[in-house]
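Worksheet for the structure shown next.
Just so you know, residue 1 is the first one in the sequence shown, and it goes up from there.
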Amino acid sequence: MGMKIPRNRLLELALHVKLASEAMIDAARHLAALEPADTSAPERGPWAETCKDLLAMNVQLGFMERLLRRATRETAKLEARIDARSGTRPRL
């Protein structure tokens with residue numbers, strides 16, 4: 001059984017996921033510019049760890065995007081069924 005999430009909440013979530021994705025891209029660009037030229041430099045360890053952390057956050061954002069997409073589809077299907085039963089026109 002699906003859960004109905006109000007459309008405005010889905011849009012709010014989508015906006016925040018989009019903003020987080022954009023911030024992730026900016027952070028990756030900034031980090032690339034900070035890469036130590038010397039692979040044996042002591043800064044290389046923290047830099048590599050930060051890369052790993054950004055990658056992990058990006059994976060989590062991908063999961064959120066998929067969950068949000070699924071919730072949007074399920075909410076649209078539920079609204080369509082309710083509209084079909086009540087005889088009203090589908091909401092846009």
- request: Evaluate side chain to side chain contact (heavy atoms under 4.5 Å, CB included) for L11 paired with L15, printing each intermediate quantity in order.
  value: CA-CA 6 Å; L11 292 174; L15 172 66; over 6 Å; no
task: Heavy atoms only: give me the nearest R44-P36 pair and the separation to one decimal.
output: NH1-O, 3.6 Å
- prompt: About how many Å separate NZ of K18 and CG of L13, when rounded to the nearest 0.5 Å?
  reply: 15.0 Å
statement: Smallest heavy-atom separation, A20 atom then L61 atom, equals CB-CD2, 3.6 Å
- request: Before giving the answer on side chain to side chain contact (heavy atoms under 4.5 Å, CB included), spell out for I25 and E22 the whole-Å C-alpha distance, their side-chain angles and the decisive distance to 0.1 Å.
  value: CA-CA 5 Å; I25 290 168; E22 289 172 359; 5.6 Å; no
message: For R9, is the CZ atom crowded, meaning more than 12 foreign heavy atoms sit under 6.0 Å from it?
response: no
Straight-line distance of M64 CE to H16 NE2, nearest 0.5 Å: 12.0 Å
Presence of salt bridge, K77 and E74, under 4.0 angstrom: no
- prompt: Under a 4.5 Å cut-off applied to non-hydrogen side-chain atoms, are R69 and E65 in contact?
  reply: yes
statement: Residues L31 and C51: closest non-hydrogen pair is CD2-SG, 3.4 Å
- prompt: Do R29 and D26 touch side chain to side chain, with heavy atoms closer than 4.5 Å?
  reply: yes
